[in-house]
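Quick note on labels: first sequence line is chain A, next is B, and so on, each numbered from 1.
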Number of protein chains: 2
Amino acid sequence: MAEKNSSTNAGNESLLFLTDEQLRKGIEAMFFAYRGFTADPDRILEGMDYGRAHHRALHFIHRTPGNTVGNLLAILGVTKQSLNRVLRTLFDDGLVEARTGKTDRRERLLYLTEKGRALERALSDAQRARMRAAYRAAGPQAVQGFRTVLEAMMDPEMRRRFTGMAEGGQ
Amino acid sequence: MAEKNSSTNAGNESLLFLTDEQLRKGIEAMFFAYRGFTADPDRILEGMDYGRAHHRALHFIHRTPGNTVGNLLAILGVTKQSLNRVLRTLFDDGLVEARTGKTDRRERLLYLTEKGRALERALSDAQRARMRAAYRAAGPQAVQGFRTVLEAMMDPEMRRRFTGMAEGGQ
DNA sequence: TTGGAATGTCAACAAGGCTGACATAGCCTT
DNA sequence: AAGGCTATGTCAGCCTTGTTGACATTCCAA
């Protein structure tokens, strides 16, 4: 059955999951799942003047209030010009506010307003609902594996950042 | 509004993976992992006149040669105008060729040329290498869980299509 | 006081989505 | 044979979200 197999592991059952065919299936699963993953928030956003970029900004401002612009840039991995276009509309619409940094007054610390929290909640509720359904359907053991593989797939820099984030839960 | 835990499962160890906090971590893991997932092919593509859209087309033409345009549209979930822009450049550059359908001559069956196969291979080798490393690091059990959760996260229509695809290998 | 850091902003551009409208070829039913 | 539907292509125009480059402001720190 293993049609193609770039490694020299033919006959080794324990490495079956590393055949090119299995890897290809994993790649496609990632592609289709990511589409599902973003579908619900996208649906909410369409019609509003916002898009996925706004969602991402809201998400990360929500999760670490008081973050600086530069930090958000690093997390999102875009240019400041891109982020700024997004932030400007969020400021203008009163979803996000910036407070001047106390120690370094050049910094602008970002926070959601009540209105911003409301939209963030709507978006993340939708996304969490899908994630919850998937988790529930798959079971705790599968979820554990899911998280393990995803972490292994990140760029090392992002993995460091990710596993470092709010580690102890809370 | 239950900040941390929208369900009424406080104290239930087996459902800990369904807390909002866990779900949020899953969401972010998806975000960061997808970035890693696309990073290597993106790096290869940049500089060429191609982008992620070309990669996707090449991938699915490779995996089911002789597919029709309409079928590819359904898989990729884009408009024919978008796909056509991509396909045109791939035709022009001799990476993809279209043969007229035998039973229905309106259909154009898509195939990679040798040149197309070469680029597809370069891209997919890079992507598989990362996937393989992640799989290897995580182990077979985790991979099983990974796939289970991803499938549960797809839209039902896509899940049907995905699980139906080339099931027994081929 | 001066250099560099953090931030904002303007302008121009590209990729890759989208819609709408229209054209052609070929299949199918009447 | 005719008309209708299907598969595909194409033109034109628009949007979002990314990019570079250049430049201004404010403020920390040596």
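Neither A:Leu109 nor A:Leu76 shares a network with the other; the hydrophobic side chains, linked directly or stepwise wherever heavy atoms of I, L, V, M, F, W or Y lie under 4.5 Å apart, form separate groups for each.
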(Q) Let's go through A:Asp93 and A:Tyr50 carefully: what are the C-alpha distance in whole Å and the side-chain angles of both, what is the deciding distance for side-chain hydrogen bond (donor to acceptor under 3.5 Å, both in side chains) to 0.1 Å, and is it a yes or a no? (A) CA-CA 11 Å; A:Asp93 298 349; A:Tyr50 305 130; 2.3 Å; yes
(Q) For B:Asp92 and B:Thr89: C-alpha separation, side-chain torsions, deciding distance, then whether side-chain hydrogen bond (donor to acceptor under 3.5 Å, both in side chains) applies. (A) CA-CA 5 Å; B:Asp92 291 352; B:Thr89 73; over 6 Å; no
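Only B:Gly51, B:Arg52, B:Ala53, listed by number, bring a heavy atom of residues 34-53 of chain B to less than 4.0 angstrom from any atom of DNA chain C.
For the pair A:His54 and D:dT17, the criterion of a side-chain N or O lying under 4.0 Å from OP1 or OP2 is met. Considering only side-chain N and O atoms, B:Ser82 lies nowhere under 4.0 angstrom from the phosphate OP1 or OP2 of C:dG16. The phosphate of D:dT19 (OP1 or OP2) has a side-chain N or O of A:Thr79 nearer than 4.0 angstrom.
At a threshold of 4.0 angstrom between heavy atoms, the contacts of A:Arg88 are confined to the sugar-phosphate backbone, with no base atom among them.
Aromatic pair B:Phe162/A:Phe31: ring centres not closer than 6.0 Å.
If you check C:dT9, D:dG18, D:dA7 against the side chain of A:Arg85, the one that comes closest is D:dG18. In the set D:dC11, C:dT7, D:dT8, the nucleotide with an atom closest to the side chain of B:Thr68 is D:dT8.
Both B:Asn71 and A:Leu83 lie close to DNA chain D; mapped to their nearest nucleotides by heavy-atom distance, the more 5′-ward contact belongs to B:Asn71. Nearest-nucleotide positions on DNA chain D place B:Leu109 closer to the 5' end than the other of A:Arg56 and B:Leu109.
Side-chain contact between A:Phe37 and B:Met154 is absent, with no heavy atoms from C-beta onward closer than 4.5 Å. Side-chain contact between B:His55 and B:Glu120 is absent, with no heavy atoms from C-beta onward closer than 4.5 Å.
For D:dG13, the base has no donor-acceptor partner in the side chain of B:Gln81 [N/O atoms by modelled type, under 3.5 angstrom]. Taking only distance into account, the side chain of B:Glu107 never meets the base of C:dG26 through a donor-acceptor pair shorter than 3.5 Å.
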Q) According to the Watson-Crick and G-U wobble definition with distances under 3.5 Å, which dot-bracket string, read 5' to 3', encodes DNA chain C, using [ ] for crossing pairs and | for pairs with another strand? A) ||||||||||||||||||||||||||||||
Q. How does each nucleotide of nucleotides 24-30 of chain D score, in 5' to 3' order, for protein heavy atoms under 4.0 Å: base (B), sugar-phosphate only (S), or none (-)?
A. --BBS--
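A:Leu112 contributes atom CG, which lies 9.0 Å from atom CG of A:Leu119 (distance to the nearest 0.5 angstrom).
Going from atom CG of B:Asn84 over to atom P of C:dA15 covers 17 Å, rounded to whole Å. Atoms NE2 (B:His55) and P (C:dG17) sit 13 Å apart, rounded to a whole Å.
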